[in-house]
2 protein chains.
Amino acid sequence: MEHAQAAYQRSEDVCINDLAKLRSVGRETWEAGLGQSRRHRINAHEVLFYEGDTAERLYEVVSGVIMLYKLLPDGRRQVVYIVREGDMLGFSRHSEYDCTAEALTDTELVVIEAREAEASAQMQSHINKCLLLQMENLHEHTVLLGRKSALERVSTFLMSLVPNRGGNGCEGPAEEGRPDTRTVVLSMTRQEIADYLGLTIETVSRVVSQLKKRGLIKVEKQDSIHIANICGICQLTGIH
Amino acid sequence: MEHAQAAYQRSEDVCINDLAKLRSVGRETWEAGLGQSRRHRINAHEVLFYEGDTAERLYEVVSGVIMLYKLLPDGRRQVVYIVREGDMLGFSRHSEYDCTAEALTDTELVVIEAREAEASAQMQSHINKCLLLQMENLHEHTVLLGRKSALERVSTFLMSLVPNRGGNGCEGPAEEGRPDTRTVVLSMTRQEIADYLGLTIETVSRVVSQLKKRGLIKVEKQDSIHIANICGICQLTGIH
DNA sequence: TGGCGTTTTTGATCTAGATCATGTCTAACT
DNA sequence: AGTTAGACATGATCTAGATCAAAAACGCCA
């Protein structure tokens, strides 16, 4: 299973929860088929829509990162999904969004009117592929939240930022001797990471410190982590 | 938001994470359009497919309950979804199932060849609706796993078995004076519930005992719980 | 109806991670 | 370069839920 889908992920810089396959039926294809396709830009920390808003539009992320979260009435927050380039958001089963969508970075989006999306078969097929991707990612994240330790959660999160590595389609380290290394940009604060991983900010911070002390990572900027030993982190994700 | 979808849920015995709307484009409609549509029956605790199996078929649950779960290599298990009547399973982004599907009760299924499903527009639309439903349920469950206490998790689980109550579309108790009461069938062992809620079997058992002591529920059989005060349980779900 | 394996409940103890409390770093301004 | 507010790290303590260990209840078949 580990290497089963390597064929889909040969391109370059494809993350685990990423989109090589989506791209093959991506924007270029369906955008032409739409009557009008508008673009929209939002800045980091702006809200695109709130949970409960009337769901009239879908969005595809052209560049940037968006988080979807839900709040409990007492203020507890859970980030339920991270939407990256090529992925979509704004799906709704009835008339309202079930999550709030907030930009983690400056973001460029394609706006798709829900009415129009329903009419286009190509669009429907694209939506379908995005939904299947999101389902798989959510299943994986459910395991993380239900059964993994803090160390495993943070390690899994770091691995999810390394293209072509960890979980399905892992290519293993490059040839012998090459350093098994990569710098990843988090584009999330410790609080946002905590709310994504079902932890507190302090626990996230402590795990990061522990990985640093073990020499597995180096914190370059708050937002940017150099992974000194990718396989080492991967061993801590709980999937081995 | 609370009462927004009441219109969809008027029929009778429709659970929160249930399917009033799906039924309107349900089996009757698309089954006729398929070349052949086979039925399949499996017994409680039989496995329909394993994680990693080649994904050639979709299934719709006609009667019974199926759980989808994932295992970590050391044996930890997380139940990621419960598939009930009218809902579908067997979705896959590439060639393999990402979860194991095991029957909780004796189950009757409609079998749909993946190739055929792709060809039928009606089927596609039905699949799409199921995916949207599952996404919403997964988002909700993500909040439960990431942020809710054991008491809140078990209460939420119980409420999910009460038709038309809890969360969206809650109708509130019947008229004044009517007992706010219902017997629900779990169709899951304590271990399966624990693996669904991200708890241990002992914690589930203790919370159930606590609810019993508080007079909110009565355990009729191991598998069957009488909720003596539905609103009382709902108050414990964390969503108020 | 009685025996037995399985599931569930209950109790005692332990611990990972939360919570509470400071201290330190960073980055954006003067 | 110096100031400052927000983000991050670290330390001390607490606790919800896990773990370990029996006991009790269930349900099944002879």
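Order of the sequence lines fixes the chain letters, A, B, ..., with proteins taken first and strands second; residue numbering starts at 1 for each chain.
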Quiz prompt | Whole-Å distance separating the CD1 atom of Ile201(A) from the C1' atom of dT24(C) | solution = 14 Å
Quiz item: Are any non-hydrogen side-chain atoms of Val207(A) and Arg153(A) less than 4.5 angstrom apart?
Solution: no
Quiz item: What is the nucleic acid contact for Ser205(B), judged by heavy atoms within less than 4.0 Å: base, sugar-phosphate only, or nothing?
Solution: base
Quiz item: For Thr200(A) and Arg190(B), take the nucleotide of DNA chain C holding the closest heavy atom to each; which residue's nucleotide lies nearer the 5' end?
Solution: Arg190(B)
Self-check item: Closest-nucleotide 5' rank along DNA chain D - winner of Thr189(A) and Arg147(A)
Solution: Thr189(A)
Exercise. Find the distance between CD1 (Ile230(A)) and CZ (Arg182(A)) and round it off to the nearest 0.5 Å.
Key: 7.5 Å
Quiz item: Does any non-hydrogen side-chain atom of Ile82(A) lie less than 4.5 Å from one of Met67(A)?
Solution: yes
Quiz item: Hey, does Leu199(B) reach any base, or is it just sugar-phosphate, or nothing, if we go heavy atoms under 4.0 Å?
Solution: sugar-phosphate
Quiz item: Is the closest side-chain heavy-atom distance between Leu197(A) and His141(A) below 4.5 Å?
Solution: yes
Quiz item: Given that Glu202(B) and Thr203(A) both sit by DNA chain C, which one's nearest nucleotide is further toward the 5' end?
Solution: Glu202(B)
Quiz item: Do Leu211(B) and Leu158(B) have side chains that get closer than 4.5 Å, going by heavy atoms?
Solution: yes
Quiz item: Under the 3.5 Å rule, do the base of dT19(C) and the side chain of Arg206(A) count as making a donor-acceptor pair?
Solution: yes
Quiz item: Atom CD of Glu192(B) and atom P of dT7(C): how far apart are they, to the nearest Å?
Solution: 10 Å
Quiz item: So, Lys221(B) and Asp223(B), do they make that salt bridge, N to O below 4.0 Å?
Solution: no
Quiz item: Looking only at side-chain N and O atoms, does Ser209(B) come under 4.0 Å of OP1 or OP2 in dT10(C)?
Solution: yes
Self-check item: First-last contacting nucleotides on DNA chain D - partner chain B, under 4.0 angstrom, heavy atom
Solution: dG17(D) to dC26(D)
